[in-house]
Colleague: 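Here's a structure for you.
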Amino acid sequence: MRAFPSFKTSRLFATATLLSLFLGCSNMTPEKTLYQRLGSAEGVANITELFILEIARDERVIAYFEDSNVQRFREKFIEHLCMITDGPCEYSGDTMVDIHVGMNVTEGAFTAIVEDLIEAMTKADVAIGTQNQVLDRLARLRPEIIYL
Ligand code: HEM
């Protein structure tokens, strides 16, 4: 009876260990952020543009935006969407409460805006799972936006 494995066996064992280490490492590539799954800076800018076009033709909400500066809205919404999806941006706009206070945004208007964003993300070919994660983050902001 041999107390130690043969040279051949231990070489096989070493190869298997190295292989599993290698495979283990290849599985360790960091998961993409939600921001990256939206297509990073280009993707977020494109979604925002499509979103603005949806709002512009949405009679349920367009009145809210009558006196708004679309250039500012675009810039700040891009920053905000980037921030809430873990992108590398610092949001420089006003707080959700400060912007939306006095607008009396209704439940229906909030749903309409969310639907407009879904439409924009669909047109931008964002995967459904990714869309749902974005919507989940927006839903958390609801109390800071409606009926203020
Ligand atoms: C889904 C949640 C929403 C998010 C994340 C959001 C985010 C934002 C952001 C980032 C801005 C720009 C802030 C700034 O200029 O400093 C903004 C402005 C604005 N939002 Fe929202 N918003 C949401 C829902 C709504 C809803 C439901 C309405 C009304 C139907 C609305 C109406 C407006 C209007 C009118 C402005 C422009 C205000 C102005 O020009 O002074 N928002 N929003």
Side-chain angles (χ1 to χ4, degrees), residues 9-148:
T9 315
S10 39
R11 206 170 57 171
L12 196 71
F13 181 72
T15 311
T17 309
L18 275 175
L19 196 68
S20 66
L21 268 175
F22 172 75
L23 290 175
C25 288
S26 68
N27 280 338
M28 273 156 52
T29 37
E31 214 177 277
K32 279 187 175 177
T33 61
L34 193 46
Y35 172 75
Q36 286 169 323
R37 277 180 282 134
L38 289 180
S40 301
E42 205 183 311
V44 166
N46 183 36
I47 291 165
T48 303
E49 209 51 51
L50 293 165
F51 178 49
I52 291 171
L53 292 175
E54 291 303 320
I55 292 175
R57 59 170 167 243
D58 189 343
E59 286 177 4
R60 298 170 296 177
V61 295
I62 192 60
Y64 286 94
F65 292 86
E66 238 165 26
D67 302 321
S68 302
N69 174 340
V70 69
Q71 189 55 45
R72 179 182 163 105
F73 178 79
R74 178 186 291 111
E75 186 190 313
K76 302 302 175 197
F77 195 86
I78 288 173
E79 278 180 12
H80 189 263
L81 185 55
C82 169
M83 176 188 73
I84 66 163
T85 55
D86 308 322
C89 308
E90 228 172 275
Y91 174 60
S92 63
D94 298 323
T95 66
M96 287 296 105
V97 171
D98 283 350
I99 305 155
H100 301 98
V101 73
M103 284 189 200
N104 195 25
V105 174
T106 61
E107 186 90 50
F110 188 84
T111 305
I113 284 282
V114 169
E115 286 174 1
D116 290 339
L117 189 64
I118 292 173
E119 193 60 30
M121 289 193 287
T122 303
K123 285 183 176 162
D125 287 330
V126 175
I128 298 291
T130 306
Q131 290 194 22
N132 286 339
Q133 281 178 282
V134 174
L135 298 178
D136 179 54
R137 296 193 183 188
L138 290 181
R140 293 181 215 165
L141 301 172
R142 200 164 149 278
E144 296 168 41
I145 293 170
I146 68 167
Y147 297 126
L148 300 177

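Indexing begins at 1, ligand by ligand and atom by atom, following the structure's order. The first residue in the sequence is number 1, and the count goes up from there.
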Colleague: Starting from atom 3 (C) of ligand 1, find the nearest protein heavy-atom neighbour and note its residue, name and distance.
Modeller: I145 CD1, 3.4 Å
Colleague: Please verify the inter-ring angle class for F51 with F73; under 30° counts as parallel, over 60° as perpendicular, anything in between as tilted.
Modeller: tilted
Colleague: Could you tell me if any non-hydrogen atom of V61 lies under 4.0 Å from any atom of ligand 1?
Modeller: yes
Colleague: Minimum heavy-atom separation for I78 to V44, with atom names?
Modeller: O-CG1, 3.7 Å
Colleague: Give the residue, atom name and distance (to 0.1 Å) of the protein heavy atom nearest atom 39 (C) of ligand 1.
Modeller: S68 OG, 3.8 Å
Colleague: Need the ligand 1 atom indices (1-based, order shown) with element for anything under 4.0 Å from a heavy-atom of L138.
Modeller: 5 (C)
Colleague: With distance as the sole test, does Y35 use its side chain to make a donor-acceptor pair with the main-chain N or O of A41 at under 3.5 Å?
Modeller: yes
Colleague: For atom 32 (C) of ligand 1, what is the nearest protein heavy atom, given as residue, atom name and distance?
Modeller: F65 CZ, 3.4 Å
Colleague: Which heavy atom of the protein is the closest neighbour of atom 35 (C) of ligand 1, given with residue, atom name and distance?
Modeller: Y64 O, 3.2 Å
Colleague: Tell me which part of H100 gets within contact of ligand 1: side chain, backbone, both or neither, using heavy atoms under 4.0 Å.
Modeller: side chain
Colleague: Atoms of ligand 1 less than 4.0 Å from G93 heavy atoms?
Modeller: 16 (O)
Colleague: Quick one: does any side-chain atom of E75 pair with a main-chain N or O of R72 as donor and acceptor, under 3.5 Å?
Modeller: no
Colleague: Looking only at protein heavy atoms, identify the closest one to atom 1 (C) of ligand 1 and say how far it is in Å.
Modeller: F110 CE1, 3.9 Å
Colleague: Who gets closest to atom 18 (C) of ligand 1 by heavy atom: D94, I99, I62?
Modeller: I99
Colleague: In the protein, which heavy atom is nearest to atom 10 (C) of ligand 1, and how far is it?
Modeller: Y91 OH, 3.5 Å
Colleague: Short list, please: which atoms of ligand 1 are under 4.0 Å from a heavy atom of M103?
Modeller: 32 (C), 33 (C), 34 (C), 35 (C), 36 (C), 38 (C)
Colleague: Of all the heavy atoms in M96, does at least one lie under 4.0 Å from an atom in ligand 1?
Modeller: yes
Colleague: Determine, using heavy atoms of E79 and all atoms of ligand 1, whether some pair is separated by less than 4.0 Å.
Modeller: no
Colleague: Keeping H80 on the side-chain end and K76 on the backbone end, is there a donor-acceptor pair under 3.5 Å?
Modeller: no
Colleague: I need the nearest protein heavy-atom contact for atom 16 (O) of ligand 1: residue, atom name and distance, please.
Modeller: R72 NH2, 2.7 Å
Colleague: Ignoring hydrogens and angles, tell me if any N or O in the side chain of R137 forms a donor-acceptor pair with the backbone of I84 under 3.5 Å.
Modeller: yes
Colleague: Considering non-hydrogen atoms of the protein only, which is the closest contact for atom 26 (C) of ligand 1, and what is the distance?
Modeller: I113 CG1, 3.6 Å
Colleague: Under 4.0 Å and counting heavy atoms only, is there anything from the protein next to atom 42 (N) of ligand 1?
Modeller: yes
Colleague: Side chain to side chain contact (heavy atoms under 4.5 Å, CB included), that's the test. Do I113 and L117 meet it? Break it down for me.
Modeller: CA-CA 6 Å; I113 284 282; L117 189 64; 5.7 Å; no
Colleague: Of all heavy-atom pairs between V61 and A109, which one has the smallest distance, and what is that distance?
Modeller: CG1-O, 3.7 Å
Colleague: Given side chain to side chain contact (heavy atoms under 4.5 Å, CB included), test V126 with L38 step by step and report yes or no.
Modeller: CA-CA 6 Å; V126 175; L38 289 180; 3.8 Å; yes
Colleague: So, for M83 and Y91, which heavy atoms are closest and what is the spacing to 0.1 Å?
Modeller: SD-CB, 3.6 Å
Colleague: Could you tell me whether the side chains of S92 and E79 share a donor-acceptor contact shorter than 3.5 Å?
Modeller: yes
Colleague: Looking at K76, which atoms of ligand 1 are within less than 4.0 Å of one of its heavy atoms?
Modeller: 10 (C), 12 (C), 13 (C), 14 (C), 15 (O), 16 (O)
